[in-house]
Amino acid sequence: MKKSYSIKDLFIIVLSRLPYIVISAVICAVAMFGVSKFMIDPKYQSNVSLYVKNSNKAPDSNQSVNVNDLNVSKSLVSTYIVILNNDIVMDEISDILLSRHSEAELANDFKIVDGRITNRSLKACYNMVAANQTEVLKITATTKRAELSQELCNVMAEVAPEFLIRVVGAGSVEKIGDAKLYPNKVSPNVTKNTILGGIAGFVLSILIVFMIDFFDNTVKSTEEIQDRFNKPILGEIPHIGGKTKKKEIGKSSDRKKKLLFNDKNNEIPFSVVENYKSIRTNVTFSLSTAENKIFAVTSSLPSEGKSVTIANLAVTMAEADKKVLLIDADMRKPVQHKNFSLKNKKGLSTVLSREAVFEDCVNRGVKKNLDVLTAGVIPPNPSELLASKKMREMIDKIKNEYDYILIDTPPILQMTDVIGLADIIAGVTVVLSYGNTTYQEVQEVQKKLELGNCNLMGFILNNITRGAGNSYSYSKYGRYKYGYKYKQYDMNYRTEQSEEKEEEKSESNSSSKKNKESESKKKN
């Protein structure tokens, strides 16, 4: 599927990476400043002008200007430029310079071979043009020294007339003054180069950003996920817990600070809680027509946040006064006992291997209305246990006890354990990691679930990266954003809760008073 961009998309891409673009532009500007200031040798210029005439005779003061003579003079200028760039002329200038200076003095400005200045290095210093397309020949010399540039112009002005008249045999050349000494350098222009370096860095970084985004195949758009796979997005969860180093992703410390029930210091934004409530609502609607209220949660690969997501979802569903059971069926790398600080000596593997019964292994009342069945000891055959008859017997026995049963299963692209549960669950929810899970991996997940006759309920887009301030992107390139002040909203939410409790207390007190009054009246 080819990517298409609108002007708005491109603008948002640039804004999302604007700090990096600005930093790149500054780095390029500073680099160009350093190169121009300290690494490029300064250059100085001087110039001299020669007036070209097509006749050696001085014009009569009463004679009018002949247009034909002017055109001939202009054509002679082009001829003279070719002649003056000839090696014979350069040899003559080389001899004059060597007679006035030592080889050591000239070695810094010219390449000297066999005691002579090379013609190429001399020609590189000269620039000859017809000034403003007129019959005036302008000769400019550029070197590392202002005095040498002046001298080169004057030497050329001395040598030129003799060679031009002798070779061409027509016209004449007259020098218009001597070359002057200009002490100000003409290059490098540090300010100009710095600005150009910044602009180049800015443009180049924007191109790199566009290329990275174009070739980026990771999921970042809920709209694109729905369009590609024709499945609903059950919810979106922003990155929780501030910045996390790559080496910490998936570790216990990283998981625990993302669990809602571990949020002792109110660090998790209030909107995140609301997101999980929204996911709870969407899941409830998805299960409304199902025969049972049992569903599994998986991901394509590890470290995509499925275990944290299902733990938070289970707590959120339990807070809605629903009896919930969370089963850790990831018996290869179980983590739910760590999330809820439970012992894992007994669990699902113990029940399925008939070493203990469900009642002895389940952890009752971990949270209000929430029971947790940990994975237990790691068995040698997890897939076979999940697909066994004992698993179905256990589910049949306990399913009427709970309103919802959530099963945490291993990543499906590594282990297909969830497929073994296809006939006892209502469906599977797949957790995708923003900027990490690729569309190709999602496609493979969908294919495996279809082949295993598993109902794909939808996707949860997890770990959406935060933008500037307290906003985070919800859709393609951060198109929709929330900018809530989370702590303030959380305080308001808590205030509303306390007010509701006070109202309930007052209502209960008033009702109790009325009851007492009625009882006293009856006695009387």
Side-chain angles (χ1 to χ4, degrees), residues 43-61 63 65-183 186:
K43 296 293 182 67
Y44 299 88
Q45 278 186 355
S46 185
N47 61 81
V48 66
S49 297
L50 303 178
Y51 183 75
V52 178
K53 297 179 289 185
N54 69 333
S55 175
N56 293 327
K57 297 178 181 180
D60 188 355
S61 60
Q63 185 180 1
V65 177
N66 191 326
V67 177
N68 186 52
D69 290 342
L70 291 177
N71 291 333
V72 173
S73 296
K74 291 179 183 179
S75 63
L76 281 175
V77 172
S78 300
T79 305
Y80 287 172
I81 291 174
V82 175
I83 295 172
L84 293 180
N85 276 296
N86 193 272
D87 289 343
I88 299 175
V89 179
M90 295 301 163
D91 289 338
E92 181 68 19
I93 295 174
S94 175
D95 293 336
I96 295 173
L97 291 175
L98 289 170
S99 66
R100 297 178 183 179
H101 307 279
S102 65
E103 291 185 16
E105 291 176 342
L106 298 174
N108 292 329
D109 301 280
F110 305 104
K111 183 178 181 181
I112 299 177
V113 179
D114 297 331
R116 296 188 63 82
I117 301 174
T118 62
N119 293 335
R120 177 175 294 182
S121 61
L122 264 176
K123 290 179 182 179
C125 298
Y126 283 110
N127 182 40
M128 304 178 201
V129 294
N132 298 324
Q133 301 298 317
T134 64
E135 62 273 19
V136 177
L137 173 60
K138 184 177 180 181
I139 301 172
T140 303
T142 306
T143 65
K144 299 176 184 178
R145 291 182 290 156
E147 297 83 359
L148 182 59
S149 297
Q150 179 189 24
E151 184 176 3
L152 284 177
C153 288
N154 287 327
V155 171
M156 178 62 78
E158 294 173 6
V159 172
E162 179 184 353
F163 274 94
L164 294 176
I165 301 301
R166 178 167 59 84
V167 175
V168 179
S172 62
V173 178
E174 182 178 347
K175 182 171 67 172
I176 307 175
D178 294 326
K180 294 182 179 180
L181 178 67
Y182 296 100
V186 294

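Rounding to the nearest 0.5 Å gives a distance of 10.5 Å between CG of Asn108 and CG of Leu148. Expressed to the nearest 0.5 Å, how far CD of Glu105 lies from CD1 of Ile112 amounts to 10.0 Å. For the atom pair Leu164 CG and Tyr80 OH, the distance stands at 5.5 Å (nearest 0.5 Å). Put simply, CZ on Phe163 and CG on Asn86 are 8.5 Å apart, with the number rounded to the nearest 0.5 Å. Distance check, rounded to the nearest 0.5 Å: CE of Met90 to CZ of Arg120 gives 13.0 Å.
Within the 4.5 Å cutoff, side-chain heavy atoms of Arg145 are placed close to those of Asp109. Residues Asn127 and Gln45 have side chains not in contact (no heavy-atom distance under 4.5 Å, counting atoms from C-beta outward). Between Leu50 and Met156 there is no side-chain heavy-atom pair separated by less than 4.5 Å. Between Leu106 and Leu98, the closest side-chain pair of non-hydrogen atoms falls below 4.5 Å.
Taking every heavy atom of both residues into account, Ser49 and Lys138 meet most closely at OG-CG, 4.2 Å. Of all non-hydrogen atoms in Tyr44 and Tyr182, the two that sit nearest each other are CD2-O, 4.0 Å. Across all their heavy atoms, Ile96 and Ser99 have their closest contact at O-OG, 2.5 Å. Looking at every heavy atom in both residues, Val48 comes nearest to Cys153 through CG1-O, 3.5 Å. Residues Ile117 and Ser94 approach most closely at N-OG, 3.3 Å, considering heavy atoms. Looking at every heavy atom in both residues, Lys180 comes nearest to Ser46 through O-OG, 2.6 Å.
In this structure, Gln150 contributes its side chain and Ala179 its backbone to a donor-acceptor pair below 3.5 Å.
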Exercise. What's the verdict on side-chain contact (heavy atoms from CB on, under 4.5 Å) for Val77 and Met128, showing C-alpha distance, side-chain angles and the deciding distance?
Worked result: CA-CA 10 Å; Val77 172; Met128 304 178 201; over 6 Å; no
Exercise. Leu152 and Leu122: side-chain contact (heavy atoms from CB on, under 4.5 Å), yes or no, with the steps?
Worked result: CA-CA 9 Å; Leu152 284 177; Leu122 264 176; 4.2 Å; yes
Exercise. Yes or no on side-chain contact (heavy atoms from CB on, under 4.5 Å) for Ile93 and Tyr126, after CA distance, side-chain angles and deciding distance?
Worked result: CA-CA 12 Å; Ile93 295 174; Tyr126 283 110; 3.7 Å; yes
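When each of Thr143, Thr140, Asn154 is tested with Ser149 by the rule side chain to side chain donor-acceptor pair (under 3.5 Å), just one qualifies, namely Thr143. Between Ile81 and the options Leu84, Ile83, Asn85, a side-chain contact (heavy atoms from CB on, under 4.5 Å) holds for only Asn85.
Sorted by first then second residue, the salt bridge (charged side-chain N to carboxylate O under 4.0 Å, His left out) pairs that include residues 85-97, not counting sequence neighbours, are Asp87-Lys123, Asp91-Arg116, Asp95-Arg116.
Crowding of Glu162 atom CD: a count of heavy atoms from other residues, nucleotides or ligands under 6.0 Å not exceeding 12. When the shell of 6.0 Å around CD1 of Ile88 is examined, it contains 12 or fewer heavy atoms from other residues, nucleotides or ligands.
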